[in-house]
2 protein chains.
Amino acid sequence: MQSRTPPTRAGRPRSAAADAAILAATRAALVELGWSRLTLGDVATRAGVAKTTLYRRWAGKNELVVDAVAELFDELRLPDHGSLAADIEGVVLQFAALLARPEARSGLMAVVAEATRDETLRDRIRTSIVDRQKRLVLEGRARAQSRGELPPEPGPEEAARTADLIFDMVAGAVVHRTLVSAEPADEEWVRGFTRILLTGLATHSPFGGPALLEELGGV
Amino acid sequence: MQSRTPPTRAGRPRSAAADAAILAATRAALVELGWSRLTLGDVATRAGVAKTTLYRRWAGKNELVVDAVAELFDELRLPDHGSLAADIEGVVLQFAALLARPEARSGLMAVVAEATRDETLRDRIRTSIVDRQKRLVLEGRARAQSRGELPPEPGPEEAARTADLIFDMVAGAVVHRTLVSAEPADEEWVRGFTRILLTGLATHSPFGGPALLEELGGV
DNA sequence: CCATTACGCTACGGGTCGTAGCGAAAGCAT
DNA sequence: ATGCTTTCGCTACGACCCGTAGCGTAATGG
């Protein structure tokens with residue numbers, strides 16, 4: 001009964017090799033030229049395909065670069081280093097190394113900029129990149145909770161909100177450090193970041209304990 | 001003895017009104033067209049100047065948009081709300097409101113993307129935007145220290161490092177939340193963010209106190 | 001063998017870029 | 001006033017990239 005879009009359609013199938021070649025060529029062009037000087041004609045030439053072939057698969061530059069960059073993020077892993085602090089430091093250093101690569105730097109920020117005016121592109125980024133990497137937060141939290149380093153979540157809704165918040169804080173800080181402030185997220189920076197994320201700014205403050213919690217209005 | 005570049009040079013002076021009109025037209029074009037569809041010819045027409053006039057003052061689209069966006073950030077203020085938590089929440093909400101404006105959204109991220117391949121543009125962003133807004137962190141910290149909410153800094157070098165770190169954490173989280181995750185940084189989110197920033201993730205954890213500090217390797 | 005789809009290639013109108021050249025306008029110095 | 005200098009508006013230009021149309025060919029399934 002699968003009348004529309006059968007699993008194997010008639011006619012010549014699309015070349016999977018062409019897809020891979022185009023995405024690799026896109027990353028290479030991002031390295032050499034950056035976003036603004038990257039042209040689809042040049043990418044097609046690098047990939048050894050016709051420009052029309054490229055336009056048959058992607059609507060434009062934005063969609064192509066999102067797919068080319070998204071593949072990079074799947075390399076991130078969260079090995080068990082024995083403690084929450086070490087786990088965070090490890091994944092943040094990985095993320096910093098990823099953002100040190102020019103194809104990730106210029107590509108990611110450019111598509112984010114374009115996505116501010118393109119609802120469809122926003123969804124594509126969310127599903128292809130953002131949501132895929134939230135797995136790291138969920139995995140790290142579950143591991144820390146099983147170690148007793150973090151309290152269990154009061155409910156599923158609150159748990160999801162907190163996970164999103166952590167993700168924005170970690171990814172946002174690294175992105176801002178490396179791309180906006182344009183300073184390296186080296187080990188010293190990562191240690192300081194992890195410390196504040198885990199214990200807060202007010203550590204060792206005379207009012208940093210219960211008094212500060214009251215001030216925040218409780219849970 | 002100011003032989004070179006005297007305070008008042010000979011010839012017709014540049015029109016200050018034209019500068020303002022061009023920057024305003026740039027922001028208007030960002031709102032309507034976004035970064036990629038914005039053309040310098042269109043901006044010149046909107047501003048009522050010739051295209052050549054625009055090229056005499058700015059090297060290109062990147063430099064123009066940096067200047068147009070930088071003006072927006074000078075609106076940020078840090079009123080005294082009586083506590084560090086309230087001060088942070090106030091300025092973060094301001095920043096979120098700023099990033100909700102389309103001219104700031106698309107403009108800021110686009111120039112950051114371009115800056116990844118342009119050293120000169122990076123410096124321009126740093127001096128025009130980033131360094132100017134670090135005043136907020138310094139002011140907030142000094143105020144909190146005078147209230148006794150934060151401990152004094154051990155030394156000037158460490159103090160500068162911490163200020164940079166805080167700035168990246170605050171600005172990065174808001175930018176990532178609004179532009180990458182594409183969710184609103186509303187009051188509820190800001191409260192959660194401030195809580196974690198001040199007291200840390202491990203609050204109320206059975207090992208969240210001294211044990212966690214030892215794990216981090218001390219100060 | 002035939003229908004169907006993908007592919008490579010060429011060519012095209014349309015738009016933007018950044019610059020050159022020119023005469024006119026608007027300041028300063030004498 | 002009268003030069004001198006610099007900016008301004010305008011027009012025109014070659015160069016580049018865009019996105020699509022058209023065509024013949026290649027690869028697959030029925």
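Residue numbers begin at 1 in each chain, while the letters A, B, ... track the order of the sequences.
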Query raised in the report: Just by protein heavy atoms under 4.0 Å, how would nucleotides 10-18 of chain D read 5' to 3' in B, S and -?
Result: B------SS

Requested in this report: With the side chain counted from C-beta on, respond yes when Ser36(A) and Glu114(B) share a heavy-atom pair under 4.5 Å apart, and no when they do not.
Outcome: yes

Query raised in the report: So, do Leu84(B) and Ile88(B) sit near enough that their side-chain heavy atoms are less than 4.5 Å apart?
Result: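 Side chain of Leu84(B) against side chain of Ile88(B), heavy atoms only: contact under 4.5 Å found.
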
**Report entry** Any pair counted as ring pair (Phe, Tyr, Trp, His ring centres under 6.0 Å), so long as it reaches residues 74-112 of chain A, sequence neighbours left out
**Finding:** none

Side chains of residues 59-68 of chain B: which donor-acceptor partners sit under 3.5 Å, not counting sequence neighbours?
{"unit_1": "Lys61(B)", "atom_1": "NZ", "unit_2": "Trp35(B)", "atom_2": "O", "d": "2.9"}
{"unit_1": "Lys61(B)", "atom_1": "NZ", "unit_2": "Leu38(B)", "atom_2": "O", "d": "3.0"}
{"unit_1": "Glu63(B)", "atom_1": "OE1", "unit_2": "Gly60(B)", "atom_2": "N", "d": "3.3"}
{"unit_1": "Asp67(B)", "atom_1": "OD1", "unit_2": "Arg124(B)", "atom_2": "NE", "d": "3.2"}
{"unit_1": "Asp67(B)", "atom_1": "OD1", "unit_2": "Arg124(B)", "atom_2": "NH2", "d": "3.4"}
{"unit_1": "Asp67(B)", "atom_1": "OD2", "unit_2": "Trp58(B)", "atom_2": "NE1", "d": "2.9"}
{"unit_1": "Asp67(B)", "atom_1": "OD2", "unit_2": "Arg124(B)", "atom_2": "NH2", "d": "2.9"}

Query raised in the report: Is there a donor-acceptor pair under 3.5 Å between the side chain of Gln133(A) and the backbone N or O of Phe73(A)?
Result: yes

Report task. Check whether the side chains of Arg147(B) and Gln145(B) place a donor and an acceptor atom closer than 3.5 Å, and report yes or no. Result -> no

Query raised in the report: Which whole-number value in Å describes the distance from Arg12(B) CZ to dT7(D) P?
Result: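 Rounding to the nearest Å, CZ of Arg12(B) and P of dT7(D) are 10 Å apart.
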
Report summary line: Leu64(A) CG to dG19(D) P, in whole Å, measures 12 Å

**Report entry** Which residue lies more 5' along DNA chain D, comparing Arg14(B) with Gly60(A) via nearest heavy atoms
**Finding:**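 Looking at DNA chain D, the more 5' nearest nucleotide goes with Arg14(B).
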
**Report entry** Qualifying residues under side chain to side chain contact (heavy atoms under 4.5 Å, CB included), relative to Glu158(A), sequence neighbours excluded
**Finding:** Glu153(A), Pro154(A), Arg161(A), Thr162(A)

Query raised in the report: Which pairs count as side-chain hydrogen bond (donor to acceptor under 3.5 Å, both in side chains) when at least one residue sits in residues 170-179 of chain A, sequence neighbours excluded?
Result: His176(A)-Asp168(B)

Report task. Check each residue of residues 22-33 of chain A for a non-hydrogen atom within less than 4.0 Å of any atom in DNA chain D, then write out the ones that pass by number, or none. Result -> none

